[in-house]
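One-based numbering along the sequence shown. These figures come from a predicted structure and were not determined experimentally.
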Amino acid sequence: MTKLIDQINDNLKNAKENSILQFNKEIAQIEDLIPLTLGEPDFNTPEHVKKAAVAAIENNESHYSNPRGIDALRKAVTDFLDTKYDLKYNPDTQVITTAGVTEGIYDVLATILNPGDNVIIPTPTFPLYQDDVSLNGANSIFVDTEKDGFVLTADKLENVIKEHNGNVKAVIINTPGNPTGVAYTAEQLSALAAVIKKHNLFCISDEIYSELTYGRQHISIAKLAPDNTILLNGMSKSHAMTGWRIGFILGPEDLIDRINVVHQFAVTCVTDNAQFAALEGLTNGADDGLEMKKTYEIRRDILRGGLEKAGFHSPQPSGAFYIFAKIPDQFTQDDFEFSRQLAHQAKVGVIPGSSFGKGGEGYIRLSYAASNDNIKKAVERIQKFVQSH
């Protein structure tokens, strides 16, 4: 048994518990804390979506469904992506419905990776990517994007590929991004697409925040490099459905066939009533996220403006609902210790930037998926905290 446990530890040696959830748990019990920690909408799931789930239960939609997802939902997904982002997919052959994008990330990486493969991951970014790469015996090549406005440039991608003698299988992109809120422009994506096609890489594009962009239209690299791109999206952020666990994988037909095998091994199929709720959200609530976005934009400006006055500089978020702020120079402790001190003394919960990898050191991530009142109170507390130090 000891040898078996050692083998398991080898597989998990580079994967660890989610530091975001760990830190949030550490400070959650602090009395009177205002948590700006987790990336979860504070809105409720729209009423019409909830009613569709109830109706599905009452109609006995409670059996095994097509592992790829119910037919009507897959059609709704492709129609939604076509209408919103001019993306063309066949609902019968190019879509898989997953238990959230989290399952989608694992399914994709488990399908395409062999032990020893290299995957390029721009950082700072959502830490789950590197953990899933490690679980599949592959290697993460981290590219610090801090000096490039928190985007992976085509030149840097080309250079990293050359440094590894072309031995790279995939690159992961998250746009709009977590933790920075930065979205790639059409020009940036076009340049990246050229490099990706030149070297025939897989591009795994996590676009879960696509409906939450500010002052611009979301653009997907799947439109520019469709044969190379595996697109991930879902209902969690656009329709405040984090707990429903509905995500989607889209890509080339032959690749989707293979990913679907892993998906079936993992979950068989997604819960029926949740699929019917998602169907309602995509058909009769396609713009539900736009109403939430208006509120997020107001909150973004309140939080970012207040932080700037306190000496925290940050990139202007063009999507999602995060501020990634540089800790003022007067504070010399690392970002974990700073975040602990802020939680205990100012009663404001944030996530240390180091949780998101290289380029995140010395930063904090604040989520503005919180009420206007809490954001205003948090700003006041942070400003007083800085003034007292």
Taking the side chain as every heavy atom from C-beta outward, state whether L303 and R299 have any atom pair closer than 4.5 Å. no

Can a donor-acceptor pair be found between the side chains of N284 and E280 at a distance below 3.5 Å? yes

Is there a donor-acceptor pair closer than 3.5 Å between any side-chain N or O of D288 and the backbone N or O of H239? no

CG of L192 to CG of D155, rounded to nearest 0.5 Å, is 10.0 Å

Any donor-acceptor N or O pair under 3.5 Å, side chains T37, N24: yes

side-chain contact (heavy atoms from CB on, under 4.5 Å) partner of C203, the single match among L189, T229, I172, I230: T229

Nearest-0.5 Å distance, CG of residue N233 to CD1 of residue I249: 11.5 Å

Hey, is NZ on K358 packed in by over 12 heavy atoms from elsewhere, all under 6.0 Å? no

Does the side chain of N66 come within less than 4.5 Å of R74's, by heavy atoms? yes

With sequence neighbours excluded, what pairs up with T185 under the side-chain contact (heavy atoms from CB on, under 4.5 Å) test? E187, Q188, R216

Residues G289 and L212: closest non-hydrogen pair is O-CD2, 3.9 Å

Derivation of the side-chain contact (heavy atoms from CB on, under 4.5 Å) call for Q275 and T97: CA-CA 8 Å; Q275 292 193 64; T97 305; 4.2 Å; yes

Quick check: closest heavy atoms across P317 and R304, and the distance to 0.1 Å? CD-CD, 3.7 Å

Got L232 and I208 here, is their nearest side-chain heavy-atom distance under 4.5 Å? no

According to a 4.5 Å side-chain heavy-atom criterion applied to Ile, Leu, Val, Met, Phe, Trp and Tyr, with indirect links allowed, do I112 and V101 form part of one hydrophobic cluster? yes

Do the ring centers of F385 and F331 come within less than 6.0 Å of each other? yes

Between L282 and M235, is a side-chain contact (heavy atoms from CB on, under 4.5 Å) present by the stated rule, with each step listed? CA-CA 9 Å; L282 291 172; M235 308 295 291; 3.8 Å; yes

Closest non-hydrogen contact found for L279 with A72 is CD1-O, 3.5 Å

Tell me whether the guanidinium CZ or amine NZ of R300 lies under 6.0 angstrom from the six-membered ring centre of Y214 and within 45° of its axis. yes

Cluster check V195, L201: I/L/V/M/F/W/Y, side chain < 4.5 angstrom: yes

Could you check whether atom NZ of K25 has more than 12 heavy atoms from other residues, nucleotides or ligands sitting under 6.0 Å from it? no

Check this for me: D329, atom CG, are more than 12 non-hydrogen atoms of other residues, nucleotides or ligands nearer than 6.0 Å? no

Point-to-point distance, once rounded to the nearest 0.5 Å, from OG1 of T175 to CG of L152: 11.5 Å

For R68, the option from D92, D257, D107 that meets salt bridge (charged side-chain N to carboxylate O under 4.0 Å, His left out): D257

Can you tell me if K326 has over 12 outside heavy atoms packed within less than 6.0 Å of its NZ? yes

Does a salt bridge link R245 with E103, judged by any charged N lying under 4.0 Å from a carboxylate O? no

When every non-hydrogen atom of I27 is compared with those of L33, the smallest separation belongs to O-CD2, 3.4 Å

Any chain of hydrophobic side-chain contacts (each under 4.5 Å) joining V77 to V108? no

Are V119 and V151 linked, directly or through intermediate hydrophobic residues, by side-chain heavy-atom contacts shorter than 4.5 Å (ILVMFWY only)? no

Gap separating the CG atom of L109 from the CG atom of N136, nearest 0.5 angstrom: 6.0 Å

Does CD belonging to Q330 count more than 12 external heavy atoms closer than 6.0 Å? yes

From CA spacing to verdict: side-chain contact (heavy atoms from CB on, under 4.5 Å), L157, V143: CA-CA 8 Å; L157 176 60; V143 181; over 6 Å; no

Should L87 and K223 be marked as a side-chain contact (heavy atoms from CB on, under 4.5 Å) after you check the CA-CA gap, both sets of side-chain angles, and the distance that decides it? CA-CA 6 Å; L87 296 174; K223 185 172 176 58; 3.7 Å; yes

Is any side-chain N of the basic residue among E47 and K50 closer than 4.0 Å to the acidic one's carboxylate O? yes

Under the ring pair (Phe, Tyr, Trp, His ring centres under 6.0 Å) rule, what pairs show up with a residue in residues 102-155, not counting sequence neighbours? F126-Y129, F150-F324, F150-Y363

Using the side-chain contact (heavy atoms from CB on, under 4.5 Å) rule, pick out the option among Q345, K376, K347 that qualifies with R381. K347

Going by an N to O cut-off under 4.0 Å, is there a salt bridge joining K294 and E297? no

Is D79 salt-bridged to K75, cutoff N-O under 4.0 Å? yes

Check whether L36 and I30 end up in the same hydrophobic cluster, where Ile, Leu, Val, Met, Phe, Trp and Tyr are linked by side-chain heavy atoms less than 4.5 Å apart. no

Are Y322 and Y209, when compared by the centres of their aromatic rings, separated by less than 6.0 Å? yes

When every non-hydrogen atom of P328 is compared with those of F312, the smallest separation belongs to CD-CE2, 3.4 Å

What are the two closest heavy atoms between S65 and I70, and how far apart are they? CB-CG2, 4.0 Å

List the steps and the verdict of salt bridge (Lys or Arg N to Asp or Glu O under 4.0 Å) for D287 and K84. CA-CA 10 Å; D287 290 333; K84 294 278 186 173; 2.5 Å; yes

